[in-house]
Protein chains: 2
Amino acid sequence: MIAQGGVGTHHRPGENKFGKFNVYTYICVVKLEQAIQSTKFKSEVQKAGLNILYTAWWLKTVISKELKEFGLTHEQYNVLRILKGKYPEQMCVRDIACRMIEKSSNVPRIIDRLELKKLVKRSTSAIDKRETVITLTQGGISILDASTVMVNNITDEMLAITEKDAGHLNQLLEKVRTTEKNIVP
Amino acid sequence: MIAQGGVGTHHRPGENKFGKFNVYTYICVVKLEQAIQSTKFKSEVQKAGLNILYTAWWLKTVISKELKEFGLTHEQYNVLRILKGKYPEQMCVRDIACRMIEKSSNVPRIIDRLELKKLVKRSTSAIDKRETVITLTQGGISILDASTVMVNNITDEMLAITEKDAGHLNQLLEKVRTTEKNIVP
DNA sequence: AATAAATAGATGTATATACACGTAAAAATA
DNA sequence: TATTTTTACGTGTATATACATCTATTTATT
């Protein structure tokens, strides 16, 4: 074997053994084996782990691409949606953080950007001066309403499964997250 | 309603209607309703979308926490694992990118960090000088072997489902990703 | 009441993501 | 062969993630 420079991994451009595609627009592939170019999984459980991660990425990517039309990121959209859930009540940063899908999201910083775009307003709570309360602006509501219609449509269109299958999927995912370790300390 | 300062969203610290918890160590909650503090979903399909995103975040977070012990991020681990799949063959950046779970990962930059830690080596392919070929070092192999044992154990421990259930889950996730839109252009 | 502990949220840092663009090299075409 | 197109991949930017730390408050304890 050649040490310096190596043998390389020569192949036809834009192709692999599963066919022709482009890495960066690679959200159309259905089979996990094709998506991550791997056919040998230790077990169905191990494969399920990868499948969950890949499906989440796929879903998030498609929705994010659509949200660009509204100048929103997926996370910014999520914050607006949470605020709408309580509207016209205001919410403090902590309450928003609790409702985020990705719990480690840095909500103050996401709100920074929403505030710059004048989609929300920040003010200090009169009751607890530590709290920052966030209010949706009219602009925020408009953008949210328009984008929500789109996101709901896309989700229904993308997730091409029946309500029954979806119910079953939900059961399995809850089961997946149920382990002895999952006890709130 | 008070405009300036607002009404606030007063509540007992560290509590919500579902019980006591901490947002930042909030990876122990099982029920989606509890996790994102929402009980009303438009449909099972809409709920499945959120469930997939939340479960992926949950899985990724737990594995990432464990990988910290080895000084690796989830993405760096993924790159090492992909390289191991071909070892002792080398791989070019594009081939690694194709196999990533998250296709939009910026592989050159992940490799930057692996190279700094001397877990991989970069060199230019002799066959195609555009290509950078990546080689696992002995250090990379050692860390990967140790961390793989851990990740596999954690995955099996966390994903507390039977092989049969996992198989069914895999089928449903493939079904989820199968839409008319999913045709390679 | 005085002090200690806990909480809310802003902020700093390293890494990753998403995307655009530049450069060098290879492949395709004229 | 000369020119154009495509490809590989490095790099720049804005945003997000993951985590730690700091300050101002509030709550709990003494």
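Note on naming: letters A, B, ... go to the chains in the order of the sequence lines (proteins, then strands), and numbering restarts at 1 for each one. Everything numeric in this text was worked out from a predicted model, so none of it was measured.
- Here dT17(D) presents its C1' atom at 14 Å from CD1 of I110(B), a figure rounded to the nearest Å.
- For H74(B) and dC19(D), the NE2 to P distance is 13 Å, given to the nearest whole Å.
- T39(B) and E33(B) share no side-chain donor-acceptor pair at under 3.5 Å.
- Atom C1' of nucleotide dA24(C) and atom CG of D128(B) are separated by 11 Å, given to the nearest angstrom.
- Following rounding to the nearest Å, D95(A) (CG) and dT7(C) (P) show an atom-to-atom distance of 14 Å.
- Side-chain atoms of R113(A) stay outside donor-acceptor range of the base of dT15(D), with no qualifying N/O pair under 3.5 Å.
- The listed nucleotides are dT15(C), dC9(D), dT13(C); the one nearest the side chain of C92(B) is dC9(D).
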Go through it in stages, so that I can follow the logic: the residues are N78(B) and E102(B), the test is side-chain hydrogen bond (donor to acceptor under 3.5 Å, both in side chains), and I'd like the CA-CA distance, side-chain angles, deciding distance and then a yes or no.
CA-CA 10 Å; N78(B) 203 12; E102(B) 317 213 348; over 6 Å; no
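- Of the side-chain N and O atoms in T73(A), none sit less than 4.0 angstrom from OP1 or OP2 of dT15(D).
- Between M100(A) and I110(A), the closest side-chain pair of non-hydrogen atoms falls below 4.5 Å.
- Taking atom CG of residue L67(A) and atom P of nucleotide dA14(D), one finds them 21 Å apart after rounding to whole Å.
- Qualifying side chain to side chain donor-acceptor pair (under 3.5 Å) partners for N170(A), counting only residues two or more places apart in sequence or in other chains: E44(B), N51(B).
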